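Keep in mind that what you see is a predicted model, and the values were worked out from it rather than measured.
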Amino acid sequence: MTEKKFHREEYPLDILSEFGLTEEMIYDLPDFVHDKIEMGGMSPLLPISIKQPFGFTQCHARFCLVETVYGVEALFVPKLKEVDLSKFDEHDMQLLLSGKAIVADITEGSDTIKAFVQIDKDTNNVVYTPSQIIGRNLQTICNEFDLSGEDLQGFWTGSLVTVEVPDSKGAPTMVTIGVNLLSEKGLEIVPGDACRWENVVRQPIPEYSFGNDGCWINRNGVLSYVPDNEFTQDIIDAMERNAHANGIPVEELRESEQRPYHQESYQSEETRQLTR
C-alpha cells in the first residue's frame, strides 16, 4: 500500500499538453509533488489553457493519474470560487484551515450526519463523506497495522499515526497514516515519519521553484510557469538567494545552466531545484 502506483515515464504528457502543461512544466514541478502524483494523489493547482473556436480559455485546475484500459490518463479537478465555513465553530474552522480532515456534524436537507470534512484549499471546496465510510477503511487499516483504539480516535481530530512495518526484505521501516479525503481511498499511507507525510500530502509549493527548464512561481496559491529564457531580474535574484542560503556558489549555479537535463536522473529536492 506504500508503493508508488505510477512512475514519471508513465505520465500522459500528450493529454497534459492538450491543457497547456508542457513536458518541461511537468518535470520542473518539485519532487515532493511528483511523490504525491506517483502515489495517486492530486497535483497542486496549475494554470490550464483550453483551446476554443475563438481562442484559448485560461483557468486553473488540479490533476491526478488514473489507470484505464487505454493506459494511464489524467483527471482534472477545476477550481471553484467560494467556500462556506460558517457552519463550523472556531476550533473546527482552525483545524480545517490548517489542512486537517476532521469529523463534524453536516446538514443534509433536514438531517444531520457525522462526516469526515476537509478543505481543498486549492479549489476552495469543502469536501465530506459520511464517517462510516472512512471509519470502515480506518478499521481495516487498524487491523492491518495493529493500531490501538486511541490511534483510531486520533484520526477523528486530524492526527497522524506512525508505525514500523517490515519492508520487502524484512527490515523495519516507518510508515505514517492519516486521513486525506482528496486521495482515492480517503487515506494516505506514506513511507517515513509524520514530517514526511506532511511534506508529501500538505506541503505547499514555495514562492519560487526552480527546475531544469524554468521556474514555477507561486502567488497566493496560484501557480505560473516561466521558461528559463524569460527569467526576469526578480527571478534571477530569487535563484541566487536560494543558492546562497543552501551554500551553492553563484558561479556553480550559473555554470549548471549549461548542463543538459536527463529525465531519468532524479536529483535531491534542493539540488534539482537550485542547480537546474
Side-chain angles (χ1 to χ4, degrees), residues 8 11 16-17 19-39 41-50 56-65 74 76-83 96-100 118-125 127 180 182-183 188 190 195-246 248 253 257 261 266-276:
R8 294 186 206 190
Y11 284 11
L16 296 172
S17 66
F19 291 85
L21 298 172
T22 66
E23 177 177 344
E24 292 79 12
M25 295 168 71
I26 293 299
Y27 286 126
D28 275 352
L29 288 167
D31 281 341
F32 73 85
V33 172
H34 288 288
D35 287 342
K36 181 185 292 187
I37 293 171
E38 290 165 8
M39 287 191 289
M42 301 294 297
S43 76
L45 200 64
L46 301 175
I48 301 297
S49 180
I50 304 171
F56 287 87
T57 297
Q58 311 294 330
C59 62
H60 288 80
R62 304 171 70 182
F63 77 87
C64 68
L65 303 181
F76 290 87
V77 178
K79 179 180 180 181
L80 303 179
K81 295 183 178 180
E82 296 181 355
V83 59
L96 289 169
L97 289 173
S98 71
K100 295 182 181 296
Q118 187 175 354
I119 291 178
D120 179 353
K121 291 192 290 185
D122 282 343
T123 62
N124 290 333
N125 193 17
V127 297
N180 177 28
L182 306 179
S183 64
E188 296 273 13
V190 176
C195 181
R196 168 71 171 162
W197 194 98
E198 294 282 358
N199 286 342
V200 171
V201 177
R202 293 181 183 149
Q203 181 174 341
I205 297 288
E207 183 179 6
Y208 295 94
S209 179
F210 295 98
N212 293 288
D213 299 289
C215 175
W216 283 99
I217 300 177
N218 183 357
R219 294 285 187 262
N220 299 317
V222 177
L223 298 186
S224 59
Y225 184 78
V226 181
D228 54 8
N229 61 352
E230 297 179 14
F231 278 6
T232 57
Q233 189 59 48
D234 65 310
I235 298 176
I236 295 173
D237 291 344
M239 181 169 63
E240 293 186 352
R241 285 196 304 271
N242 288 348
H244 178 74
N246 288 275
I248 300 175
L253 181 68
E257 295 180 10
Y261 168 66
Y266 301 134
Q267 300 165 298
S268 69
E269 181 71 6
E270 288 183 353
T271 304
R272 193 182 72 87
Q273 290 188 31
L274 293 175
T275 64
R276 302 191 359 259

Is the closest side-chain donor-acceptor distance between Glu24 and Asn212 under 3.5 Å?
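Side chains of Glu24 and Asn212: no pair found under 3.5 Å.
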
Do Tyr225 and Asp28 have a side chain donor and acceptor closer than 3.5 Å?
yes

Which atom of [X] lies closest to which atom of [Y], heavy atoms considered:
X: Lys36; Y: Val201; answer: NZ-O, 2.6 Å
X: Phe231; Y: Gly214; answer: CZ-C, 3.8 Å
X: Gln58; Y: Ser49; answer: NE2-OG, 3.4 Å
X: Leu223; Y: Trp216; answer: CB-CE3, 3.8 Å

Nearest 0.5 angstrom please: [X] [atom1] to [Y] [atom2], how far?
X: His244; Y: Asn242; atom1: NE2; atom2: CG; value: 11.0 Å
X: Asp120; Y: Arg62; atom1: CG; atom2: CZ; value: 4.0 Å
X: Glu38; Y: Tyr11; atom1: CD; atom2: OH; value: 4.0 Å
X: Ile37; Y: Ser43; atom1: CD1; atom2: OG; value: 5.5 Å
X: Cys64; Y: Met39; atom1: SG; atom2: CE; value: 14.0 Å
X: Leu16; Y: Leu46; atom1: CG; atom2: CG; value: 9.0 Å

Would you call [X] and [Y] a side-chain contact if the rule is heavy atoms closer than 4.5 Å?
X: Ile205; Y: Phe32; result: yes
X: Leu21; Y: Ile48; result: yes
X: Asp234; Y: Tyr208; result: yes
X: Phe210; Y: Asp228; result: no
X: Asn218; Y: Ser209; result: no

Partners meeting side chain to side chain donor-acceptor pair (under 3.5 Å) with Asn199 (sequence neighbours left out):
none

Could you tell me whether Arg8 and Asp31 make a salt bridge, using a distance below 4.0 angstrom between a side-chain N and a carboxylate O?
yes

